[in-house]
Protein chains: 2
Amino acid sequence: MTDLNSDIFKTIDPEHRGTTSEEVISQLREMIHRGDLRPGDRLPPERDLAKMLGVSRPTLRAGIRSLAAVGVLQSRQGAGTFVVKSDGPPSLDSSPLRLMASLHGFTPSEMFEARQSLEMAVAGLAAERATSEHLATMSEEIAGMYASLDDPEQFLVHDMRFHQTVAAASGNRILTSLMNMVATILFDVRRKTVKRARDLKESAEMHRQIYRSIRERNPEAASSAMRAHLMLAQKAQESEEAEDGAAATTSDNGSQ
Amino acid sequence: MTDLNSDIFKTIDPEHRGTTSEEVISQLREMIHRGDLRPGDRLPPERDLAKMLGVSRPTLRAGIRSLAAVGVLQSRQGAGTFVVKSDGPPSLDSSPLRLMASLHGFTPSEMFEARQSLEMAVAGLAAERATSEHLATMSEEIAGMYASLDDPEQFLVHDMRFHQTVAAASGNRILTSLMNMVATILFDVRRKTVKRARDLKESAEMHRQIYRSIRERNPEAASSAMRAHLMLAQKAQESEEAEDGAAATTSDNGSQ
DNA sequence: TATTTAAATCGGTCATACCATTTCCGCCAC
DNA sequence: GTGGCGGAAATGGTATGACCGATTTAAATA
């Protein structure tokens, strides 16, 4: 029974004034929205900031921890607490999605499908906007793939960098972040299965087809090539896993 | 209910790789992955749980708060801490994305584009998998739109429910969650501008086109119709916002 | 039996102290 | 003068204990 209640938009009560720690979170978020805190900035020491906000240090720490959990702040013992500064594309923490996958029993194929949809979208956008630098990087990574046909681990590095470049070329950082979020969850599995991959040459060829479509500014072809590539990759991985023996590997180390 | 008094909770190893609170997070996450904690379950009281894990209560609270910040746990004063149980589709917290938008200066058009890509993807999948119930719900919502042509607020409710139904029909909960995440950020803006919307009839018609394409099991047409719908919606909203700083003619103008 | 009330439960907050790590500046040797 | 080196200061991490407020539960009363 799928219920489709319309109240999915949890209005977080801007004027909540509920718990004190929530008030702290609101204060800090407000500082970020107003621009008082910019990426890379360092927050005042907890003891001082607590006094400024008129709360105790544990309460302030609770607020800081909440924002740190979602990847906005980062605390380093002895150094201070900083607003996360991402040099490259902004990254969302994937642990929420990972836990949600456990809680609701997401299947790998469902994740693959989500990744496929996202990658197809960014591939299409990349075909419209890729700069010459992006195209050059893609070409280099493909060359790296051909040079690593006998080294699956190294091949995977170039593979990921290629997809990363395509995402960057799409010019949409939101889609890029979401894509990375999903890709991160699938990464562990990929790394395990890629060691016995046997069709690296074909994979490299498909990447080259994606690259050509992007270079020729053909969004539909790029999307389609990406779809074909990922469908094959999924198929390959599933057949690899079928050979394994169905080990319930619940390796859990994703603290990034 | 699962029995939580057994040896499920092993004490934290003295040799903790990272900080103690991170170890607590790992422990809790592991319980969820293993299925010891399932949606709706209630955690032991903090004082007890802290003793079981061999940490102090503040440290345990830090871990709980981190997981609560990403939407996995929820604490209610006086009641206890619970594993979040979502009746409908699982929902990811959108505040991380919202803060990231502030930190990196995401433009509304970038968000619109992300939403468009996600909605196109789910529309295509919905065309492949929508059940008769889904189709019936979509049809009802469209009827509700036509019945609310003179009530923009009500129209928006049916609008959102329609998109929600399409997402549910896609059968991919990850994409649905990501879509909701992005849509939530855009919601506030939409609610403000929809009050002066003037092209509701055309909007309803485009929804109907999406519905028809899904019913006819034509993924490409569904995606395409969704793209057209959202492009028009974006255009309409941008023109609305452009008028905000200028003349205040909020009359029966019917252009667009 | 139903309603009210009181006690137990439990998360939220505060204050304080101490520990672990990092940073930075002054000191000393070269 | 320069460069390494050590220690003090700064700063986040953890622990203990206490009290408050909200919630739940169950007993007591009408």
Side-chain angles (χ1 to χ4, degrees), chain A residues 12-13 15-29 31 37 40-85 255-256, chain B residues 1-5 9-28 31 37 40-85:
Chain A
I12 315 181
D13 289 341
E15 312 302 324
H16 192 209
R17 302 296 185 261
T19 65
T20 310
S21 60
E22 284 177 2
E23 183 66 18
V24 171
I25 298 176
S26 296
Q27 293 271 352
L28 293 175
R29 284 206 339 212
M31 291 182 197
L37 294 177
D41 280 0
R42 175 177 144 183
L43 273 67
E46 292 183 351
R47 294 165 178 81
D48 300 350
L49 187 54
K51 272 196 166 18
M52 296 180 196
L53 297 179
V55 299
S56 68
R57 196 179 156 215
T59 303
L60 172 67
R61 281 181 58 79
I64 289 177
R65 183 159 277 277
S66 289
L67 292 176
V70 298
V72 176
L73 298 181
Q74 183 179 359
S75 294
R76 276 159 40 206
Q77 186 176 179
T81 301
F82 301 83
V83 180
V84 163
K85 168 171 170 256
S255 61
Q256 48 182 7
Chain B
M1 259 334 143
T2 51
D3 183 355
L4 297 173
N5 291 332
F9 305 94
K10 58 180 179 184
T11 58
I12 303 292
D13 286 338
E15 176 190 355
H16 40 278
R17 304 175 295 278
T19 64
T20 309
S21 59
E22 283 176 4
E23 190 65 20
V24 171
I25 297 176
S26 295
Q27 291 278 342
L28 292 175
M31 293 179 203
L37 294 176
D41 278 2
R42 176 178 144 181
L43 273 64
E46 292 183 351
R47 293 166 178 83
D48 299 350
L49 186 53
K51 271 196 169 21
M52 297 180 196
L53 295 178
V55 300
S56 68
R57 196 176 155 219
T59 302
L60 172 67
R61 279 180 60 78
I64 288 178
R65 183 159 276 276
S66 289
L67 293 176
V70 297
V72 177
L73 298 180
Q74 182 178 1
S75 294
R76 277 161 38 208
Q77 185 176 179
T81 301
F82 302 83
V83 179
V84 163
K85 177 186 173 202

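If you're wondering where the values come from, they're calculated on a predicted model, not measured in any experiment. In what follows, chains are A, B, ... by sequence order, proteins preceding strands, each numbered from 1.
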With nearest nucleotides of DNA chain D determined for R47(B) and T59(B) from heavy-atom distances, which residue corresponds to the more 5′ nucleotide? T59(B)
May I ask you to evaluate whether S56(A) reaches the phosphate of dT13(C), defined as a side-chain N or O under 4.0 Å from OP1 or OP2? no
Any side-chain donor paired with an acceptor under 3.5 Å for R76(B) and T81(B)? no
Proximal nucleotide (of dG12(D), dG12(C), dT14(D)) relative to the T19(A) side chain: dG12(C)
Here's a test of your reading of the structure: between G54(A) and G78(B), which maps to the more 5' nucleotide of DNA chain C? G78(B)
Rounded to whole angstrom units, what separation is found between the CG atom of L43(A) and the P atom of dG13(D)? 12 Å
Whether S75(A) contacts dG12(D) is assessed here as follows: a side-chain N or O lying under 4.0 Å from the phosphate OP1 or OP2. Is that the case? no
Taking only the side-chain nitrogens and oxygens of S21(A), find out if one of them lies under 4.0 Å from OP1 or OP2 of dT13(C). yes
Beyond-backbone contact of L43(A) with L49(A), side-chain heavy atoms, under 4.5 angstrom: yes
Round to the nearest Å and state the distance from L53(B) atom CG to dA15(D) atom C1'. 15 Å
Within this structure, what is the CZ-to-P distance between F82(A) and dT22(C), rounded to whole angstrom? 12 Å
dT11(D) OP1/OP2 closer than 4.0 Å to side-chain N/O of R42(A): yes
How close or far is atom C1' of dT11(D) from atom CG of L49(A), stated in whole angstroms? 13 Å
If you look at every strand shown and take non-hydrogen atoms under 4.0 Å, does P45(A) touch a base, only sugar-phosphate, or nothing? sugar-phosphate
Can you tell me how far CZ of F82(A) sits from CZ of R42(A), rounded to the nearest 0.5 angstrom? 5.5 Å
Does the side chain of T20(B) get closer than 4.0 angstrom to OP1 or OP2 of dG13(D) through an N or O atom? no
Once you round it to whole Å, what is the distance between P of dT11(D) and CG of D48(A)? 7 Å
Once you apply a heavy-atom cut-off of 4.0 Å, does R76(A) come out as touching a base, just sugar-phosphate, or nothing? sugar-phosphate
Taking donor-acceptor contacts at under 3.5 Å, does the side chain of R57(A) reach the base of dG13(D)? yes
Please report the distance, rounded to the nearest Å, between CD in Q77(A) and C1' in dA9(D). 15 Å
Length of the line joining I64(B):CD1 and dT13(C):C1', which is rounded to integer Å: 15 Å
R61(A) near the nucleic acid: base, sugar-phosphate alone, or nothing, with a heavy-atom cut-off under 4.0 Å? base
What's the CG-C1' distance between L73(B) and dG11(C), to the nearest Å? 13 Å
Does any donor atom in the side chain of R61(A) or S75(A) lie under 3.5 Å from an acceptor atom in the other side chain? no
Look only at the side chain of T59(B) and the backbone of V55(B), and say whether a donor-acceptor pair between them is shorter than 3.5 Å. no
